[in-house]
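First comes the structure, then the notes that go with it.
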2 protein chains.
Amino acid sequence: MVTIRDVAKRAGVGVGTVSRVLNNSANVSAQTRLQVLAVIDELNFRPNPIAQRLPRQETLTIGVILPFFTFPFFVNILEGIHAEISEAGYDLLVMNVDSPEKSEQYFGKAVFGRRFDGVIVVTLPLSDQYVELFAKNDLPVVLVDSFHPQISAITVNNVVGGALATQHLIDKGHTKIAYIGDNQNDLFGFHTTQLRLHGYQQTLRDNGIAPNPNWIFQGNQGKGSGVQGANYLLSQDPTPTAIFAYSDTVALGVVEVAEERGLRYPNDFALIGFDDIEISQYIGLTTVRQPMQEMGKQGARQLINLLAHPSDVKAIELPLQLVERKSTNFIRG
Amino acid sequence: MVTIRDVAKRAGVGVGTVSRVLNNSANVSAQTRLQVLAVIDELNFRPNPIAQRLPRQETLTIGVILPFFTFPFFVNILEGIHAEISEAGYDLLVMNVDSPEKSEQYFGKAVFGRRFDGVIVVTLPLSDQYVELFAKNDLPVVLVDSFHPQISAITVNNVVGGALATQHLIDKGHTKIAYIGDNQNDLFGFHTTQLRLHGYQQTLRDNGIAPNPNWIFQGNQGKGSGVQGANYLLSQDPTPTAIFAYSDTVALGVVEVAEERGLRYPNDFALIGFDDIEISQYIGLTTVRQPMQEMGKQGARQLINLLAHPSDVKAIELPLQLVERKSTNFIRG
DNA sequence: CTGTTAGCGCTTTCAT
DNA sequence: ATGAAAGCGCTAACAG
């Protein structure tokens, strides 16, 4: 293993000088620089990143804490983050939370471990306690798809999203509109399902429609919520004509049940989801699109900015967009 | 920031002792251990991982080089790897190759960077040159969905996979069977498309069917390959009755074109894919399932084993499984 | 069993 | 502009 010392010796200079050319610092003559560079090349020397990090007191790595790593929503956000972070020369360490204990464990690792120069938290809520801990340790954090008043955050407006979806259904002529939520994440403390529900209820009222509590179902397991929800709704009397599913994944469960029962959208019922994951275009699902990759990118950019300007906290809200496909496209004759 | 020195001082012992209790090494009296532990707790001390890595000469992190991070196939493999790696207490650094240059860059980073204790390469081929470099640097590598005779590898048998798919179609009564490959990855040097093609051709011959070169199409862009391939095949005369798509993603492209033209499986044509990504179950696509997550897990386990026993190289082949769904389920009346 | 000390490979003053 | 030297926080060999 060739070290900076070897290079210095061979180039006939001090290690300090080698370090300076490595870091492009001023105060090194063109002459010497070239010489050192030549030796570095000759010896194929690469500085040991760990050895660099110790005296610099930085890790050059960013930690990302996120749940359910394989879900398309999170993968897309992660891709956005990864692109920006690696572009900026930082390493990315992914912490995949698949149980509440992991969450606690990773937050602890992040705050106390001196492992990261900054942290991005996706979807998971950040408690006041941790906000304080992050602050105390001068560790920049940004939230993506989550919110805290004192922390930089990239969000969409889920109430507006719920309203968008509901209004679309109403515009299509529906009045008997159901909502299937998903409390899967209650354990982790997400609360988007409540926000979208709120937008849904508000919009119904704004249109003079009284929300029917029998048409609101809160499941607790992604696609499973859709399955349970669809079965539940189909057992109601009267039955709703349109379903607003908390997420595209939940909508998938609804589709499954519908197929089993020989029902198909848009003719037998209307269906709208949320997120616009890739699969949605293949099954013709109308949905409210979240700019997932962009959310990741912006989050990463905010963090990188915070590294340089620690007090430049800001909250950014990205727009949601209705994507209309055949699942809501039945025109009553 | 509290260091090991602070702990030592406060506990009235030497730093060596503190280090020993930190690393659970023997030779420290229960008495002292308890005392030190108390102080660690009191001061809420956590050893600085970077400072630990330097003298230990290990990074405690594993690098994963993989392409197209967001594709379900890779996400699933990655999840398997992540689960095992983090279980074993290592950090995971993901290097997402989305262009040939990135590939070169990341391999260089892995070999020369002293950043990793070991590396997992997914799908990308490992050149002899790099095999040598990894060896020279005593850096363990394992390949997942890729192969090299001198390196531990987790693979499936793609020739057999091609045969499985083709035989299934033949068993369903088809003789006019087309293959749509995908050379997208040629740039990156994948070659699975050739292997599956080989299995396809071999199986046709074994069944006394002469492969028709007009029914073989090599696209070059995932779903796009399916789109081009389907359009091409539909312009042939005669037209095949069944299509074996290189991957489920390619099959998706075929479905898209078919829908545009008002064709639907299984009645108008039969379709089989490869991989069994999540979407396939929703669109009723028959496919050859790869045990993606298991491939990742086994790869990680092999690597962890190599860390302890550097010469214990082994090649593992995991089984493929035909998953029959409606896309091939037309029974000729 | 335990304290002391010499590094790990690099960065960064501090003189010169 | 540059060399020497003092750490960064920890581990591990050494001496007791």
Side-chain angles (χ1 to χ4, degrees), chain A residues 1-40 43-61 89 91 109 112-117 137-138, chain B residues 1-40 43-61 89 91 109 112-117 137-138:
Chain A
M1 167 188 283
V2 29
T3 75
I4 200 176
R5 208 170 241 107
D6 302 321
V7 176
K9 197 164 295 171
R10 186 127 175 70
V13 300
V15 293
T17 302
V18 178
S19 175
R20 276 169 216 127
V21 345
L22 243 28
N23 298 289
N24 294 311
S25 53
N27 293 336
V28 46
S29 72
Q31 172 78 287
T32 324
R33 156 164 282 118
L34 253 34
Q35 206 176 124
V36 171
L37 250 18
V39 175
I40 286 179
L43 266 38
N44 196 18
F45 165 75
R46 315 266 182 134
N48 179 325
I50 293 184
Q52 289 181 302
R53 292 167 190 190
L54 190 48
R56 275 188 186 160
Q57 299 284 73
E58 21 172 63
T59 64
L60 298 180
T61 115
D91 285 343
K109 180 170 169 176
F112 301 113
R114 291 180 201 76
R115 277 182 142 82
F116 310 116
D117 291 343
N137 293 339
D138 290 313
Chain B
M1 167 188 285
V2 29
T3 75
I4 200 177
R5 207 171 242 107
D6 302 321
V7 176
K9 197 165 296 173
R10 186 126 174 73
V13 301
V15 292
T17 301
V18 178
S19 175
R20 276 170 216 126
V21 345
L22 244 27
N23 298 288
N24 294 311
S25 51
N27 294 336
V28 46
S29 73
Q31 171 80 286
T32 323
R33 155 164 282 118
L34 252 33
Q35 205 175 129
V36 171
L37 251 17
V39 175
I40 286 179
L43 266 38
N44 197 17
F45 166 76
R46 312 267 182 135
N48 179 326
I50 293 184
Q52 290 180 303
R53 291 166 191 192
L54 191 47
R56 274 188 186 161
Q57 299 285 72
E58 19 171 66
T59 64
L60 298 180
T61 116
D91 284 343
K109 181 170 169 176
F112 300 113
R114 290 181 200 75
R115 277 181 143 81
F116 311 116
D117 291 343
N137 293 342
D138 289 314

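Bear in mind the structure is a predicted one, so any value in this text is a computation, not a measurement. A note on names: the letters A, B, ... follow the listed sequences, proteins ahead of strands, and every chain is numbered from 1.
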Sort and list the pairs that fulfil salt bridge (Lys or Arg N to Asp or Glu O under 4.0 Å) and have at least one residue in residues 13-28 of chain B, not counting sequence neighbours.
none
Can I get a per-line list of side-chain donor-acceptor pairs under 3.5 Å for residues 29-39 of chain A, giving both atom names and the distance, sequence neighbours left out?
from, atom 1, to, atom 2, distance (Å)
A:Ser29, OG, A:Thr32, N, 3.1
A:Ser29, OG, A:Thr32, OG1, 2.4

Partner set under salt bridge (Lys or Arg N to Asp or Glu O under 4.0 Å) for B:Asp117, not counting sequence neighbours
none
Please enumerate all residues that pass salt bridge (Lys or Arg N to Asp or Glu O under 4.0 Å) together with A:Arg10, with sequence neighbours excluded.
A:Glu42
So, does A:Thr17 get its side chain near the phosphate of D:dA1, meaning an N or O under 4.0 Å from OP1 or OP2?
no
What pairs with [X] under side chain to side chain contact (heavy atoms under 4.5 Å, CB included), at least two apart in sequence or on another chain?
X	result
B:Arg115	A:Pro49, A:Arg53, A:Asp91, B:Lys109
A:Val15	A:Ile4, A:Arg5, A:Ala8
A:Asp138	none
B:Leu54	A:Ile50, A:Ala51, A:Leu54

Could you tell me whether B:Ser25 contacts a base, only the sugar-phosphate backbone, or nothing, with contacts defined as non-hydrogen atoms closer than 4.0 Å?
nothing
Between which nucleotides of DNA chain C, 5' to 3', does chain B make heavy-atom contacts below 4.0 Å?
C:dC1 to C:dG9
Computed from five pairs at either end and rounded to 10 degrees, the angle between the axes of the helix from C:dC1-D:dG16 to C:dT16-D:dA1 is 40°
Give me, pair by pair, the N or O atoms of the protein and of nucleotides 8-11 of chain D that are less than 3.5 Å apart, along with how far apart they are.
from, atom 1, to, atom 2, distance (Å)
D:dC8, O2, A:Pro55, N, 3.1
D:dG9, OP1, A:Gln57, NE2, 3.4
D:dG9, N2, B:Ala51, O, 3.4
D:dC10, OP1, B:Asn48, N, 2.9
D:dC10, OP2, B:Ile4, N, 2.4
D:dT11, OP1, B:Asn23, OD1, 3.4
D:dT11, OP1, B:Asn23, ND2, 3.3
D:dT11, OP1, B:Gln52, NE2, 3.0
D:dT11, OP1, B:Arg56, NH2, 3.4
D:dT11, OP2, B:Ser19, OG, 2.8

Sequence neighbours excluded, which residues qualify as side-chain hydrogen bond (donor to acceptor under 3.5 Å, both in side chains) partners of A:Asn23?
A:Ser19, A:Arg56
Show your reasoning for whether side chain to side chain contact (heavy atoms under 4.5 Å, CB included) applies to A:Asn48 and A:Thr3.
CA-CA 8 Å; A:Asn48 179 325; A:Thr3 75; over 6 Å; no
